[in-house]
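For reference, the structure is listed below as structure tokens.
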Amino acid sequence: MCGIVGYVGTREAEAILVDGLKRLEYRGYDSAGVAIEGPHGIEVVCRMGKVASLEETLSALDVEGTCGIGHTRWATHGKPSEANAHPPPSCGNEIALVHNGIVENFAELRDELEACGHVFRSQTDSEVIAHLVEDAYLQLAERAAERDALSDAQGHRRPHDEAARRAEGEPSILLQAVHAATSRLVGSFGLAVVCESEPGLIVATRKDSPLVVGMASDGAHMASDVIAMIDHTRDVCIMEDGVFAELSKDGIMFFEPAGDGLRTASPRHTHIDWDADLTEKGGYPDFMLKEIHEQPRVIRDTLAGRLVGDELTIDELSLTREELNLIDRVYIIACGTSYHAGLIAKNLIETWAQIPTEVEVASEFRYRNPIITPTTLVVAVSQSGETADTIAAIRDARIKGARVFGITNVVGSTVARESVGVIYTKANKEIAVASTKSFLGQVVSLTLLSMLLAQSKGKLTTGQIRLLFSELADTAEQVEAILADASSVEEAALACRDAKSALFVGRGMGAAVANEGALKLKEISYLHAEAYPAGEMKHGPIALIEDGFPVIAIATNSPTYEKVLSNLQECKARGALVVAVASEGDAEIRRHADHVIYVPAVRDAFSAITASVPLQLLARSIAILRGCDVDQPRNLAKSVTVE
Ligand code: M6R
């Protein structure tokens with residue numbers, strides 16, 4: 001949830017850290033801080049709020065130093081405040097660290113450390129790590145000094161000969177201390193640590209939190225996400241759990257636990273080939289709008305190369321046609337928007353492949369006892385591929401014998417690595433906290449998967465697959481048409497801007513889309529919104545309706561279209577302000593709605609793609625009218641790496 005960065009090299013660290021933190025702000029923006037090794041020791045500067053406020057303070061202070069670490073926080077333990085900003089203090093202030101994750105056993109560790117005389121100055125769980133590293137460091141340094149004194153007396157290697165230590169592949173004392181401290185932690189962590197006694201060194205490690213390191217011509221970089229360092233290097237190492245990296249201006253050494261100690265490791269390197277321009281707004285006022293407009297490209301890229309002759313191909317699935325044919329149950333597990341993409345896929349899989357499909361919120365799935373057999377397919381959907389609940393659910397499902405398939409947007413992410421097969425959604429980096437283009441990428445990928453299952457089960461003929469694929473490909477152009485004229489969305493947004501609450505309704509596919517429409521609106525405009533299957537309205541929610549209450553209906557062509565109209569009539573009769581998303585050519589809808597947003601007419605199976613886009617635009621327009629920051633809504637973070 002938080003973002004961490006580190007740099008050690010030949011350039012001033014301040015600007016590099018601030019720039020990296022800005023790019024990681026999507027992970028949290030409650031407070032930000034840096035620790036930079038300067039001529040007078042480690043200087044720590046923290047500020048409440050966004051990185052811009054830290055930047056302003058730093059530019060006035062002009063902190064010198066070529067080695068430092070930084071943090072942008074999404075608060076878990078302890079409210080957002082300067083005292084709880086990272087780096088958290090240790091007693092002697094000799095150690096500074098930044099942490100992304102949660103220390104689950106922090107209360108017992110804190111009691112233990114306080115009993116030994118450590119004084120805590122924040123309410124964060126992360127502060128226990130600083131004190132643990134400090135303790136371990138002091139003990140190890142004392143032992144090393146004794147050993148060095150002995151070697152020196154015997155005329156062997158000179159004490160604290162850094163070059164010799166590195167050449168011999170020995171870990172630094174700091175790295176050993178971090179190893180010792182992290183062995184006491186229960187929970188998740190991405191960590192970067194510096195120490196006043198070992199200047200020019202950053203130690204980094206992770207467990208269940210993402211961490212990337214890379215060497216550039218100006219020095220070594222590390223971050224929670226490659227986006228923070230892509231301007232410096234494209235050759236990176238996506239760290240594995242339990243691996244320790246020691247960064248210095250001369251290079252990066254890797255270690256892994258071996259017995260009671262550590263041995264050198266050689267992790268795999270990855271070349272990042274996506275475009276750094278993706279991290280810029282490209283002329284749009286915000287990332288959300290830019291990403292909404294990228295959706296036609298996402299649809300095209302996700303479909304590229306998937307129909308070869310008459311055959312749908314998803315080789316990454318790693319399942320033969322026969323194995324696919326045996327699948328008799330599907331679970332889709334995900335959170336938030338990704339969960340809503342799953343709801344859409346349930347309709348498709350059950351209709352086309354006729355396989356019973358459950359869609360489950362990952363945080364519930366992992367604590368239930370789902371029925372899993374070797375012929376169960378578990379599909380984990382996650383934009384980031386790092387959502388803690390989704391990862392935990394995958395692990396549980398695998399233990400129970402399921403085949404786990406991942407749909408994610410991030411190459412090399414944990415979901416990708418822990419699934420037997422993976423489809424990448426080709427959305428490219430998504431920066432706005434509210435998912436838009438990655439959602440559409442997920443829906444298209446899941447549509448392909450549904451067609452493949454149906455093809456393998458012999459439920460769709462080759463001709464039907466070809467026709468469906470061609471109509472699916474047409475949605476790219478249809479989305480372009482929706483984006484070309486958003487005037488009806490703007491009008492509807494003006495009508496809804498002062499509402500206190502809104503209901504999103506639909507049936508079948510429309511009910512699934514309504515869920516995503518409501519989530520988009522509430523997360524970026526802070527306007528309370530709820531989704532209901534339209535037929536359920538009269539069982540309770542209709543009591544909410546009074547004059548001017550917005551009801552946003554997905555009323556595109558579908559087998560239940562007439563039923564939706566009746567439900568809208570019931571709402572209108574009670575004074576609702578009805579906004580309908582309807583299919584072009586539908587004149588009837590005007591009699592039931594105050595505002596109509598037309599989308600191209602498509603078959604019901606693909607209506608989620610076309611109907612979701614105006615709902616994204618509507619949420620954004622309402623949020624802008626209400627003065628909200630659409631890219632970084634309050635209390636949220638893009639990637640939820642804590643439970
Ligand atoms: O990275 P994931 O897809 O696993 O993230 C799941 C949710 O946290 C995410 O979709 C969240 O709901 C977004 N804010 C929605 O816009």
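From a predicted model like this one, the values you see are computed outputs, not experimental measurements. One-based numbering, in listed order, for ligands and for the atoms of each. As a basis for the values below, the full set of heavy atoms in this structure was taken, side chains included, without hydrogen atoms, waters or symmetry mates.
- In plain terms, the two heavy atoms of T610 and P600 that are nearest each other are OG1-O, 4.4 Å.
- Annotation: atom 6 (C) of ligand 1 to nearest protein heavy atom, C335 O, 3.3 Å.
- Residue-to-ligand polar distances keep T390 apart from ligand 1: every N/O pair is separated by 3.5 Å or more.
- Considering only non-hydrogen protein atoms, atom 5 (O) of ligand 1 sits nearest to T387 OG1, 3.5 Å.
- Under a 4.0 Å criterion applied to the non-hydrogen atoms of A434, ligand 1 contributes the atoms 16 (O).
- For the side chain to side chain contact (heavy atoms under 4.5 Å, CB included) criterion with L527, the lone passing option out of R497, R626, K522 is R626.
- No more than 12 heavy atoms of other residues, nucleotides or ligands sit less than 6.0 Å from atom CZ of R268.
- At a threshold of 4.0 Å, the pair E316-R306 counts as salt-bridged, since one of the basic side-chain nitrogens sits closer than that to a carboxylate oxygen.
- Residue contacts with ligand 1 for E386 are absent, since no atom lies close enough (heavy atoms, distance under 4.0 Å).
- Among protein heavy atoms, the minimum distance from atom 9 (C) of ligand 1 is reached at T337 N, 4.1 Å.
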Query - Chi angles and distances behind the salt bridge (charged side-chain N to carboxylate O under 4.0 Å, His left out) call for R297, E294 - result: CA-CA 6 Å; R297 198 256 323 135; E294 282 177 54; 3.2 Å; yes
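- The protein atom (non-hydrogen) at minimum distance from atom 8 (O) of ligand 1 is V640 CG2, 4.0 Å.
- A cation-pi arrangement is present between R634 and Y526 under the rule of less than 6.0 angstrom and at most 45 degrees off the ring axis.
- Those atoms of ligand 1 with a heavy atom of S338 less than 4.0 angstrom away are 2 (P), 3 (O), 10 (O).
- Ring geometry for H86 against H99 counts as parallel: the plane angle stays under 30°, on a 0 to 90° scale with 60° as the upper cut.
- Annotation: atom 14 (N) of ligand 1 to nearest protein heavy atom, E523 OE1, 2.8 Å.
- Here the heavy atom of the protein found nearest to atom 1 (O) of ligand 1 is S384 OG, 2.6 Å.
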Query raised in the report: Stepwise, does the side chain to side chain donor-acceptor pair (under 3.5 Å) test hold for E386 with T414?
Result: CA-CA 6 Å; E386 300 296 345; T414 307; 2.7 Å; yes
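- At least one heavy atom of V433 sits less than 4.0 Å from an atom of ligand 1.
- Heavy-atom contacts of Q383 reach the following atoms of ligand 1: 1 (O), 2 (P), 3 (O), 4 (O) (cutoff under 4.0 Å).
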Report task. Could you walk me through whether K500 and H528 pass side chain to side chain contact (heavy atoms under 4.5 Å, CB included), step by step? Result -> CA-CA 6 Å; K500 299 265 177 303; H528 170 254; over 6 Å; no
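- Proximity to K520 (heavy-atom distance under 4.0 Å) selects the following atoms of ligand 1: 15 (C), 16 (O).
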